[in-house]
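Throughout, residue positions are numbered sequentially from 1 according to the sequence presented.
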Amino acid sequence: MTVREAKWSCQPIRPAHEVTRPAIQMPARACDTHMHAFGPPDRYPSVAAPRYDHPGGSLQQYASVAAALGIERMVFVQPSFYGTDNSFVLEALDKVGPSARGVVILPDTKVAPGTLEDLHAKGVRGLRVDLFSMHDRGAAASEYLQALRRAAALARSIGWHIELYSPGVVMRGLAEHLPDLGVAVSADHMGYMKSAHGLTDTDFQNFIATLKSGQVWVKLTGPYRLSDDADWRHADDMARTLIEAAPERMLWGTDWPHIPDCGLDTGALVDRLVRWCPEDALRTRILVDNPARLYDYV
């Protein structure tokens with residue numbers, strides 16, 4: 001069995017009326033920098049062997065949750081479920097309008113002329129690199145860096161960043177190379193530095209050292225993915241350390257609909273951020289100012 005389980009069965013999504021209202025009022029223009037939405041299966045088919053079942057997670061469901069939490073801006077991240085078919089992300093961007101941005105997955109083959117410009121006009125600002133898929137098929141270490149360099153060249157040509165969806169065991173070997181890619185890089189789920197996968201504090205400190213380059217951003221997302229303990233203490237410690245190390249490059253997101261544990265309380269995750277970052281001004285920086293810079297909000 002690899003780091004990723006072969007197939008997940010998703011739990012039912014928690015309805016918006018059952019989501020806890022946060023203890024704080026979200027600042028104006030607060031941005032959820034990491035969420036996924038899914039279209040009807042008959043119109044938007046999955047890849048041949050998705051990692052999980054269709055979770056539901058419609059645009060309407062997310063909009064209800066965002067409204068309940070006071071989230072005004074959002075970033076639609078292309079899920080691995082759809083591979084390189086970004087059709088639903090683009091539909092969501094069109095429906096939501098200028099308060100939304102998108103991060104897409106593109107094929108490794110040459111991109112047709114005009115594709116990046118068209119995506120940019122629709123609100124796309126990032127290129128996602130799914131290193132979990134490469135890890136699951138047993139990619140060699142050199143292949144990861146080659147994939148990053150290809151993605152960086154594309155992103156650099158249009159002024160985007162690249163987003164890494166990577167196991168921590170892969171991130172460990174790539175971290176020192178990230179500042180040399182010549183493009184901004186965001187790391188999902190705090191770099192996925194999960195201790196149960198053999199990641200040590202030294203690995204985490206080396207990851208933090210890359211933040212000094214000014215090129216690397218970190219998403220404070222998915223604490224439930226990083227901790228095997230029920231109260232997520234490992235993730236809490238990671239988040240506080242990251243915020244202290246580089247608050248100007250921290251991003252926050254819900255990771256909605258929390259695949260496969262879709263019954264999780266998204267409102268409680270907002271309160272988790274308050275636990276990590278109790279200072280209002282700093283929290284506003286993470287929720288508003290930082291994403292405005294990376295995702296090119298006017």
Any chance the rings of [X] and [Y] have centres within less than 6.0 Å?
X	Y	value
Tyr192	His189	yes
Phe88	Phe76	no
Phe81	His36	no

Lys/Arg-Asp/Glu bridge criterion (N-O < 4.0 Å) met for [X], [Y]:
X	Y	value
Glu279	Arg285	no
Asp236	Arg233	no
Glu72	Arg29	no
Lys219	Asp255	no

Between [Y] and [X], is there a side-chain heavy-atom distance shorter than 4.5 Å?
X	Y	answer
Leu226	Met190	yes
Arg14	Val19	yes
Arg172	Phe207	no

(request) Give a yes or no answer on whether the side chain of Asn86 reaches the backbone of Ile105 with a donor-acceptor pair at less than 3.5 Å. (result)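 Checking the backbone N and O of Ile105 against the side chain of Asn86, a donor-acceptor pair under 3.5 Å is found.
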
Main-chain N/O of Pro260 paired to Gln11 side chain as donor or acceptor, under 3.5 Å =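 No; zero donor-acceptor contacts below 3.5 Å.
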
Practice problem: Quickly, which of Thr33, Thr221, Val270 forms a side-chain contact (heavy atoms from CB on, under 4.5 Å) with Trp252? Name it, please. | Solution: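 The residue from Thr33, Thr221, Val270 that satisfies side-chain contact (heavy atoms from CB on, under 4.5 Å) with Trp252 turns out to be Val270.
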
- Measure the acute angle between the ring planes of Phe38 and Tyr82, then classify it against the limits of 30° and 60° as parallel, tilted or perpendicular.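 Tilted, since the angle between the ring planes falls between 30° and 60°.
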
**Q.** Minimal non-hydrogen separation, Arg225 against Ile259, with atom names
**A.**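 Scanning both residues, the minimum pair turns out to be NH2-O, 2.7 Å.
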
